[in-house]
Amino acid sequence: MNLAIVLIFYTFIIIFDFIPLIKKKLKKEIWIYSTILIITFIVILLDSIGINVPSPALLFKTIIESFL
Amino acid sequence: MKEMISSKQIITLILLFVFGTSVVIGVGFDAHQDSWMSLIAAIILSVPLLLMYARTIMLFPGKGLFDIIELLFSKKTGKVLMAIMIWYFLFLGGLVLHNFFEFISITTLPKTPKILIMIIMVLVVVYLGRSNISVLGKWGIVVSITIISVVILTILFSIGNIDFSNLLPVFEHRPITILNGAIKLIVFPFAELVTILPLASFFKKGTNSYKVFMYGLILSGLLLFIVQMRNLLTIGFPLMEYSFFSSYTIARIIEVGDFLSRIEGAITINLLFAVITKTTICLIAATKGTSKLFNTNNYKNLIMPVGLILIMLSVIVYQSIFEMEEFKEKYLVIYSIPFQFAIPFIIWITAEVKKKRIKEVN
């Protein structure tokens, strides 16, 4: 279920948002967009199939605790 | 046409931003029945901080936080500062979305997948962020009227449940405990107003930032105070501390005669509106920063990808509401200090020094 939602969502994003941007030929934006698209897709996909991705809050907890 | 928002609209946005998640999640209950004193102390202590924020943007009219950073610092330092502030706005947006998800999944939609709620919320937020900024301003005015009327209505309806003995004994706690609660309240929600600073480039010409910030603080502080008093007087502190969402709990016990009850949906709507506003402001702030960081022309092209980062962060940030409470109670204050106090302070001091030098040269 989760997986299907993520896949459908990303398909829609690519068709209705990413491809129009490519047509505008804004090179820098396309690079930033595609990098973010890939990273977020991987993380959200992992989460949706039940693999826990470590939270950034955890990182801050460890940093703060090492100071205290 | 250049995008602009008026002073009134900014004040309502500040009101909604502060009201955002804090009113439903509830913070700063360290002093139990004395927590209203914490709130008053927090409002007073926030004044110098907000004046500092206002001063920073008043020094460079028509410029947002990221434009100011670009002007003041060397290229490398500027980019590092920008990246740090972008992280703060992104993480804040993720936290707000996650808070909302916890609320909605516990109270109304327990079986709906997390990712679906986040996607729908972010789509709304991205739509609002991509529209002209005046749309956000108008949205602020309409929504704040709705929110204030819901607050007033719930107060009127809960008059029957009010018990003033819930406030007793007054001053049972030591001042240090009250101050502790106040510090938590400054960090979340008042000092989070640093997120408004990147939007300063949208302020109408001649906007008095001091006035805007002070009015915003007073109005939102008053509203928070009213809400907190309502909750304290109706359910008292033990229940208030143990229920994750106290405003929701008080709305559940409202019963007027035999015909009006179960109005907690109104509280959900309040939170929904406020969360949409708060996340939109975070999103626009983060996107403006990203656009400046990579030197792109139009920040609106990047709103959707930054929205995707928001979804990602809100999904992975906590695994349960207990983690959320732990982070909020134990780590949030220390985590927020660099973003809310240290970096804005450095920017402000640098701005003062450079501005003086420019004047002397002239």
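Numbers restart at 1 for each chain; the letters A, B, ... are given by sequence-line order, proteins then strands.
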Q) Taking atom NZ of B:Lys63 as the centre, does the number of heavy atoms from other residues, nucleotides or ligands within less than 6.0 Å exceed 12? A) no
**Q.** Where B:Ile316 and A:Pro56 come nearest, the two heavy atoms and their spacing
**A.** CD1-CD, 3.8 Å
Q. Of the backbone (N, CA, C, O) and the side chain (C-beta and beyond), which part of B:Leu313 lies under 4.5 Å from a heavy atom of chain A, both, or neither?
A. side chain
Q) Do B:Tyr335 and A:Lys61 have side chains that get closer than 4.5 Å, going by heavy atoms? A) no
Q: Counting only heavy atoms closer than 4.5 Å, note whether B:Leu302 contacts chain A via side chain, backbone, both or neither.
A: side chain
(Q) Measuring only between side-chain heavy atoms, which start at C-beta, is A:Phe9 closer than 4.5 Å to B:Ile115? (A) no
Q. Of the options A:Thr40, A:Asp47, A:Val53, which is the one that meets B:Met312 in a side chain to side chain contact (heavy atoms under 4.5 Å, CB included)?
A. A:Thr40
Q) How many angstroms lie between atom CE of B:Met118 and atom CD1 of A:Ile44, to the nearest 0.5 angstrom? A) 10.0 Å
(Q) Could you tell me if the side chain of A:Leu37 sits less than 4.5 Å from the side chain of B:Pro305, heavy atoms only? (A) no
Q) Side chain, backbone, both or neither: which part of A:Leu58 has an atom under 4.5 Å from a heavy atom of chain B? A) neither
(Q) Nearest 0.5 angstrom please: B:Lys111 NZ to A:Met1 CE, how far? (A) 12.5 Å
**Q.** chain A contacts, top residue of B:Leu95, B:Asn301, B:Leu116 (heavy-atom pairs, under 4.5 Å)
**A.** B:Asn301
Q.
Report which part of B:Asn295 has an atom under 4.5 Å of a heavy atom belonging to chain A: side chain, backbone, both, or neither.
A. both
Q: State, to 0.1 Å, how close A:Glu29 and B:Asn297 come at their nearest heavy-atom pair, and which atoms those are.
A: OE2-N, 4.2 Å
Q. Which atom pair, heavy atoms only, marks the closest approach of B:Met304 to A:Asp17?
A. CB-OD2, 3.2 Å
(Q) Please rank B:Thr290, B:Val315, B:Ile334, B:Ile119 by heavy-atom pairs under 4.5 Å with chain A and give me the top one. (A) B:Ile119
Q: Measure the spacing between CD1 of A:Ile13 and CG of B:Leu123 and express it to the nearest 0.5 Å.
A: 6.0 Å
Q: Name the member of B:Arg130, B:Glu323, B:Lys330 that forms the most heavy-atom pairs with chain A at distances under 4.5 Å.
A: B:Arg130
Q) What are the two closest non-hydrogen atoms of B:Phe327 and A:Ala57, and how far apart are they? A) CE1-O, 4.0 Å
Q) What part of A:Pro54 gets closer than 4.5 Å to chain B, counting heavy atoms only: side chain, backbone, both or neither? A) backbone
Q. Side chain, backbone, both or neither: which part of A:Tyr10 has a non-hydrogen atom closer than 4.5 Å to chain B?
A. side chain
Q | Flag if over 12 foreign heavy atoms under 6.0 Å of CD1, A:Ile51 | A | yes
**Q.** From OG (A:Ser55) to NE2 (B:His98), nearest 0.5 Å
**A.** 9.0 Å
